[in-house]
Amino acid sequence: MEMPKANQMIIDAKPSIVAGLAQLLPKDAVLHYLNDTRPYECDALAAYACQPLAVVLPRTTEQVAAVLRFCHAHAIPVVPRGAGTSLAGGSLPTADSVVLSVARMVDVLETDYPNRFIRVQTGRTNVSVTAAVEDEGFFYAPDPSSQLACAIAGNIAMNSGGAHCLKYGVTTNNLLGVTLVQMDGTIIQIGGAYMDSGGLDLLGLICGSEGQLGIVTEATLRILPKPEGARPVLIGFDANEVAGACVSDIIKAGILPVAIEFMDRPCIVATEDFAKAGYPDCEALLIVEVEGSDNEIDLQLALIKEIAMRHNPVAFRESKSAEESQKIWLGRKSAFGAMGNIADYMCLDGTIPVSALPLVLRRIGELSQHYGLGVANVFHAGDGNMHPLILYNANKPGDLELCEAFGNDILRLCVEVGGCLTGEHGVGVEKRDLMTVQFAPADLEAQLNVKDVFDPKWLLNAAKVFPLDVSASRRATSV
Amino acid sequence: MRPQNEAELAQILVEAQLPVEIIGGGTRAIGDVVAGATPLYTDGFAGIELYEPGALTLVAGAGSLLSDINDQLAVEKQRLPFEAPDYAAVLGREGRSTLGGVVACNAAGPRRVQAGACRDSMIGVRFVDGAGTIVKNGGRVMKNVTGLDLVKLMAGSHGTLGVLTQVAFKLLPVPEASRTLFFDGQDPATAVSLMAAALGSPYEVTAASFRPQSGTVLRVEGFDAAVKYRASALAKHLKFYGQAQISENSLSVWADIRDLKPFVGQTGDLWRVSVKPSDAAGILAKAAPLDYMLDWGGGLLWLLLPENTDLRLLLGTFEGHATLFRGKGGGAPSFQPQSPAIITLTQGLRAKFDPKAILNKGRMG
Ligand SMILES: Cc1cc2nc3c(=O)[nH]c(=O)nc-3n(C[C@H](O)[C@H](O)[C@H](O)COP(=O)(O)OP(=O)(O)OC[C@H]3O[C@@H](n4cnc5c(N)ncnc54)[C@H](O)[C@@H]3O)c2cc1C
Ligand SMILES: Cc1cc2nc3c(=O)[nH]c(=O)nc-3n(C[C@H](O)[C@H](O)[C@H](O)COP(=O)(O)OP(=O)(O)OC[C@H]3O[C@@H](n4cnc5c(N)ncnc54)[C@H](O)[C@@H]3O)c2cc1C
């Protein structure tokens, strides 16, 4: 992975830039000593790190606007940051950039239960949005596994998903409005506490734009009433194909589970060793969760059982209690930890059409042999979002490169079968150079054109999302 | 002009120097296009390209008739989630809606409160921009965050950014059963709070609408045994608002609400207002409509006003937006004027996607 050469003139001007920023913000809100900025040198894709010029921690939209106006005037690159849990290097700084973190913007601005929304500053963590409304029986639906740490800011920028998105959709389906600060400091309200905004769908464009179009400081989010209850079943199969066919049959039967999770044998074995959840010894395992009243749950689970039995499962366990539910989820929830216990791993995020599942798993197995690296598959099977975990040894020279090459082959395969490079983690720097596998030059040009409109000088999070050579001429305008 | 494939369409738009009006089914375009624009028909882009019931996905040509698509999906007991309306009758038009038209208007019916609008189910798009460039975005999978989301941008762009040629959707199963709850005798403010209580309950209400003549109606959908339970639990939950009548067979009630049947044949301007539900009663008081209907739990108001009335003058500034749907509206623009910063961005995007300013020129301001 390559980053463009930092602009030495900006680096040399650090003292005056820091002084300028300090005039716009409270005293403790500008970090510039190496010790202070170190925590911001990378995100959760820790393989890549770079110290930024400075870090600013504004508390208000007006302060964000002041910082951006200043950086715009002096052509200083800005990297927006939420909680830094991106797995794609989305918030990786460059040496000539100012990191603008919204981590101190954590207020709840308004909760409105009759109209079912909450308005927050975007530095607030995902889980604390639900925490703010759950006493009234509501929740915020998108729930990435990183929800304890990740911020609404990053969720919006990455259009993050979660365990329940099969039923409730991803961030973009639960976002009603934002306050966006453009790179030149203009503050815009887009959408609001109502469903239709007329005009072009700028809200839909901003969600998932990876900090390319502006900095989101406030968000109006849809909240939903909590379901009466939820319970999973665990189904084991002796072949991946059969598990795939069962998923398809469940969906065709008109059942809409909140989650359908898939694990393959390597993943089952690893989690069993680690978490001892008592999973069956089998090739493939599904966890299917449904919601509703107790009766409704029984009804749906009975249907699922009937369908599963047609596929001769080697195991079928239905949860009857909260304790049993927890046990069923235990292995799945510790999957990442279990793999981390065995080796270093890289987590991929491609999506495939569900029908291509058997083919893709077979090809991944062949690639694994070819590269000599182990791989385990966890998978949101209902929507085809795969998370192959490639195991490697970070201390072994050449292993990371081998792992990257293997990962790239898997992502190419996802695109080849009709899927995409990333289902929920975003492109960032990680998948930037693979974009031409999925998009023709004209497709990318259309996206670059959109960025031109919002950020004509290409100062915001440039050198991400688009292959470097594709964005080169535009980025040159900022120097 | 009637291109039969993307290459022909691209050629037309590369060469075009004068305005073009995109016509799908021609049922209900709203907002004027400059006079003399050459019609460009999309019926060459019809037909299903891919339908995988087991993956709940559909890819089809943008010129496909909505009714054909609905029929095909019904065979597998599936449907487009957003309950696309048929406004031909209320707008007094002939013709049948196309998928492209539905997308260009970001259509949504009563199920919006639960399943979102067209944009929420749309997962992929192909279009030809005003310069004749063929562009694709999204794809055929439900979860996809690869690059900027032009799928959403194209939904609701009313043909001002490109001519859609192909669209992809995620689908939903048609539920086995539905139940409708009727409550009579509310004033609009009470109706809105009833609908809020319903939509804030765990019983998965999929539509909530109100008319002064017929009261409040709520819908639950799902497996038969489940909706039976939920309908009665809901009635109990809402007993403060009166005794609910529960009906098992009310598909036509919802079709009428969806297609604005009550306003068919009534003279007057028809306005469509999107607000926070609790603001609905205040809007009604200011607008004093001849007739009206609330949908989306009060978040959507359909207001019938005397011919040639500019509703925006009556409302003054308010949070939300009003669209002139039918009639002259006292010369008001169809689409609500936006803030200066949004106008700048909109113009910037239109200039990029349609540099010759030829696509549906005049529509959307
Ligand atoms: C253990 C683990 C599990 C995870 N599980 C999931 C999962 O289940 N589903 C999922 O979707 N993701 C998951 N992720 C990925 C990650 O948590 C999400 O992408 C998350 O939304 C990032 O949020 P953040 O606040 O940490 O963003 P950051 O990492 O700080 O930033 C992410 C991107 O957003 C941009 N950005 C940040 N703030 C703003 C702003 N205010 N305005 C504009 N742009 C901004 C950044 O520039 C960057 O491009 C997981 C990550 C980890 C480490
Ligand atoms: C302001 C407004 C609000 C509306 N609100 C709703 C609503 O909430 N719910 C709802 O269901 N319907 C709404 N409609 C109307 C309705 O959804 C559509 O007009 C109808 O579905 C169009 O189908 P059609 O094929 O007859 O399109 P037409 O009447 O032919 O065209 C409708 C619009 O779409 C454009 N268009 C058609 N095909 C394409 C294409 N392939 N590529 C690009 N542009 C194309 C046309 O130029 C025109 O602007 C609204 C319409 C307007 C103007």
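All values reported here derive from a predicted model rather than from experimental measurement. A, B, ... follow the sequence lines: proteins, then strands. Residue 1 opens every chain.
- Of the atoms belonging to A:Asp112, it is side-chain heavy atoms, and not backbone ones, that fall under 4.5 Å from chain B.
- Contact of the B:His158 side chain with the A:Leu200 side chain is not registered, since no non-hydrogen atoms from C-beta on lie closer than 4.5 Å.
- In this structure, NZ on B:Lys352 lies 4.0 Å from CG on A:Asp452, to the nearest 0.5 angstrom.
- Exactly one residue among B:Val151, B:Asp149, B:Leu150 makes a side-chain contact (heavy atoms from CB on, under 4.5 Å) with A:Leu205. That residue is B:Leu150.
- The residue from A:Thr171, A:Thr351, A:Thr422 that alone fulfils the side-chain contact (heavy atoms from CB on, under 4.5 Å) condition with B:Val145 is A:Thr422.
- A 4.5 Å side-chain heavy-atom check between A:Asp196 and B:His321 finds at least one atom pair inside the cut-off.
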Are B:Lys77 and A:Lys252 close enough, and set up right, to give a side-chain contact (heavy atoms from CB on, under 4.5 Å), and what steps lead you there? CA-CA 8 Å; B:Lys77 299 207 180 78; A:Lys252 270 196 281 194; over 6 Å; no
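- Of all the heavy atoms in A:Tyr194 and B:Val275, the pair that sits closest is CB-C, 3.5 Å.
- At a threshold of 4.5 Å between non-hydrogen side-chain atoms, the residues B:Arg140 and A:Pro353 count as touching.
- With a threshold of 4.5 angstrom between heavy atoms, A:Arg222 approaches chain B through side-chain atoms but not through N, CA, C or O.
- Heavy-atom distances place both the backbone and the side chain of A:Val450 under 4.5 Å from chain B.
- Proximity to chain B (any heavy atom under 4.5 Å) is restricted, for A:Ile188, to the side chain, taken from C-beta onward.
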Salt bridge (charged side-chain N to carboxylate O under 4.0 Å, His left out) between A:Asp201 and B:Lys152, worked out: CA-CA 6 Å; A:Asp201 190 352; B:Lys152 301 279 182 308; over 6 Å; no
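- Proximity to chain B is limited to the side chain of A:Leu256, based on heavy atoms less than 4.5 angstrom apart.
- Salt-bridge check for B:Glu204 with A:Lys167: passed, with a basic side-chain N closer than 4.0 Å to an acidic carboxylate O.
- Proximity to chain B is limited to the backbone of A:Gln189, based on heavy atoms less than 4.5 angstrom apart.
- Under the 4.5 Å side-chain criterion, counting only non-hydrogen atoms from C-beta, B:Asn137 is not in contact with A:Asp443.
- When heavy atoms are compared at a cutoff of 4.5 Å, B:Ala155 approaches chain A solely by way of its backbone atoms N, CA, C and O.
- For A:Ile352, the part lying under 4.5 angstrom from a heavy atom of chain B is the backbone only.
- With a threshold of 4.5 angstrom between heavy atoms, A:Tyr113 does not approach chain B through any atom at all.
- Surrounding NZ of A:Lys226 are more than 12 heavy atoms belonging to other residues, nucleotides or ligands, all under 6.0 Å away.
- B:Gln336 does not touch chain A: none of its heavy atoms, backbone or side chain, sits under 4.5 Å away.
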Could you go step by step and tell me if B:Lys170 and A:Asp383 meet the salt bridge (charged side-chain N to carboxylate O under 4.0 Å, His left out) rule? CA-CA 10 Å; B:Lys170 77 174 181 201; A:Asp383 50 36; over 6 Å; no
